[in-house]
2 protein chains.
Amino acid sequence: VVFEITILGSNSASFAFNRHHTAQVVNVNQNLYLIDCGEGTQMRLAKFKIKHNRINHIFISHLHGDHYLGLIGLMLTMHLQGREQDLYIFGPKGLDEILTLHLKHSETELNYAVHFETLNMNERQVLIDTEELEIASFPVEHRLPCAGFVFEEKPKKRKLLREKLSGNLSSAQLKALKEGEDVIDHDGTIYAATDVTLEPKKSRKYAYCADTRYTEAILPYINEADIIYHEATFLEDMRDRAIQTYHSTAAQAGTLALKARVGMLLIGHFSSRYRELDSTLEEAKSIFQNTELAIEGKVFSISE
Amino acid sequence: VVFEITILGSNSASFAFNRHHTAQVVNVNQNLYLIDCGEGTQMRLAKFKIKHNRINHIFISHLHGDHYLGLIGLMLTMHLQGREQDLYIFGPKGLDEILTLHLKHSETELNYAVHFETLNMNERQVLIDTEELEIASFPVEHRLPCAGFVFEEKPKKRKLLREKLSGNLSSAQLKALKEGEDVIDHDGTIYAATDVTLEPKKSRKYAYCADTRYTEAILPYINEADIIYHEATFLEDMRDRAIQTYHSTAAQAGTLALKARVGMLLIGHFSSRYRELDSTLEEAKSIFQNTELAIEGKVFSISE
């Protein structure tokens, strides 16, 4: 089952050096989730051959232009290309008002339904809860109300070793074994779950920490994730500027990854003052070795 | 003195085949005027090395997304990059409300002043009137209220032939000669304007006809322009669809250019159903020979 993140853009504020504004697609089991939607996201989707009609859920972290200005255009393109299935948008208070005003003035009645849910910016909030996956938002520290998003697979079932089982077990008993419970058949034979099943596959986890000042308050939400994306707008020599603008340095991103004991750190939201990103990557790696630049077009997979 | 049009995008509705949404820059004597501002216009400006801080006037024809969704992003980039000089925006009713709402929710107070003028969609309206240039809007026929824009140089002065003049003439008399009036100096010598001056250079004219159904009502506004841009969304075999959606065919664009006796026709706003544009160009050329495709990156100059 696929669990991968495709970067569509990761430059902060202004477009520069052919680096576009923030957007990423998370693919979990062929369900596509779009996180943030900077200007031109529909063009990046086309470039990287990701069909927009496969996206049913969009998450907007906050209302700075570089994180949402592509949303209206994407929605209109979906409309013009005949989308009919519902679209779910999770975003800050005010985003629905903006979308509604655009649609009103263009006299557009979308031929698909939009379900808008306002994010709670004060505490962790479960947004999507299926049998396989939970997606939640969590508060970060930015100039505007801003949320991170965490994607986590539900605990998985143990795998039955068919050759160690008799035909005497009911489906309820098989289910119990998969949950890790021991069972006994009508001949009195005991089946210990640890003997007749394999450990479940691990539950994978990805956290997108949005735009944020360095804060350890988010550790509980991102703890032990396989991958986190954390912004690294500045280098350490501009730490004061980072604090003042509610952004982070590459070193701070590395520190947070280390404290959260994550598997891999993706850094992005690069300032337009940096043409080359070598120093940014090196600074984060000096603290957390397994760091990668979130460069558009790159795909990061979490294996099962 | 330069008078040229740079195409930044000319695809209709959806982004397709790497053709972007509508935007053009008109450069008259190094003053840059932006007409329409589809999503990603700031990226196209960067690509074609046009500095956005040289643009002081923006004209938005109507509120379909492919004509204005790049405006907010461009304004925010101007802000982030320290713009201080005033920005003048001419657009349909409602655009100011949209811009204001975006700025409110991003808690942005622009560090430059924006002057917004609502377009009159019922009659020709002079928007800019300087000694050298007049820019006016004119009504076209589209689903939404929509304006075209016409750029026309003011009548120019005659050029003095210094070698045919004596030093006896006052500056007021020289000015009169340039206006075409004859003068007499204090020795009684008569200077006929036609003898001592050259004909003025012609006044150049460019008309942008926006999105419109074929209508001869716009002929008075675009008449004898050196260049007009007219949409050619469809081919003639889809004329019914063009009428129904308030768009034009390539043949209709050619017909209008012919009737308006213009110098050159630029066609654009291509439907995403056409991967190749050869047929579109051929169809227009079969009626009006001097036609060119408005392909992004192309520059069309009007010589003096």
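Here is the naming used below: chain letters follow the sequence lines, and residue numbers restart at 1 for every chain. Predicted, not measured: the structure shown is a model, and the values here were computed from it.
In summary, the side chains of His102(A) and His102(B) do present a donor paired with an acceptor at a separation below 3.5 Å, with no hydrogens or angles considered. Checking Asn120(A) against Ser137(A) by side-chain atom types alone, no donor-acceptor pair falls below 3.5 Å. Residues Thr215(A) and Arg213(A) bring no donor and acceptor atom of their side chains to less than 3.5 Å of each other.
Neither the backbone nor the side chain of Lys47(B) comes within less than 4.5 Å of any heavy atom of chain A. The contact between Ile72(A) and chain B is made by backbone and side chain atoms together, counting heavy-atom distances below 4.5 Å. Only the side chain of Gln81(A) has a heavy atom closer than 4.5 Å to any heavy atom of chain B. Contact of Ser12(A) with chain B is not made at all, since no heavy-atom distance falls under 4.5 Å. Only the backbone of Lys93(A) comes within contact range of chain B, with at least one heavy atom under 4.5 Å from a heavy atom of that chain. Contact annotation for Leu144(A): only side-chain heavy atoms (C-beta onward) come within less than 4.5 Å of a heavy atom of chain B. With a 4.5 Å cut-off on non-hydrogen atoms, Thr100(B) does not touch chain A at all.
With hydrogens and angles ignored, the 3.5 Å screen pairs no side-chain donor or acceptor of His115(B) with any backbone N or O of Tyr88(B).
Looking at every heavy atom in both residues, Ala16(A) comes nearest to Ser272(A) through CB-OG, 3.6 Å. When every heavy atom of Gln85(A) is checked against every heavy atom of Asn53(A), the shortest pair comes out as NE2-O, 2.6 Å.
Aromatic pair His20(A)/Phe15(A): centroids less than 6.0 angstrom apart.
When Glu39(B), His21(B), Gln42(B) are compared by the number of non-hydrogen pairs under 4.5 Å with chain A, Glu39(B) comes out ahead. Top candidate by heavy-atom pairs under 4.5 Å with chain A, chosen from His105(B), Arg143(B), His62(B), is His105(B). Counting heavy-atom pairs closer than 4.5 Å to chain B, the top-ranked of the candidates Asp66(A), Leu63(A), Thr108(A) is Leu63(A).
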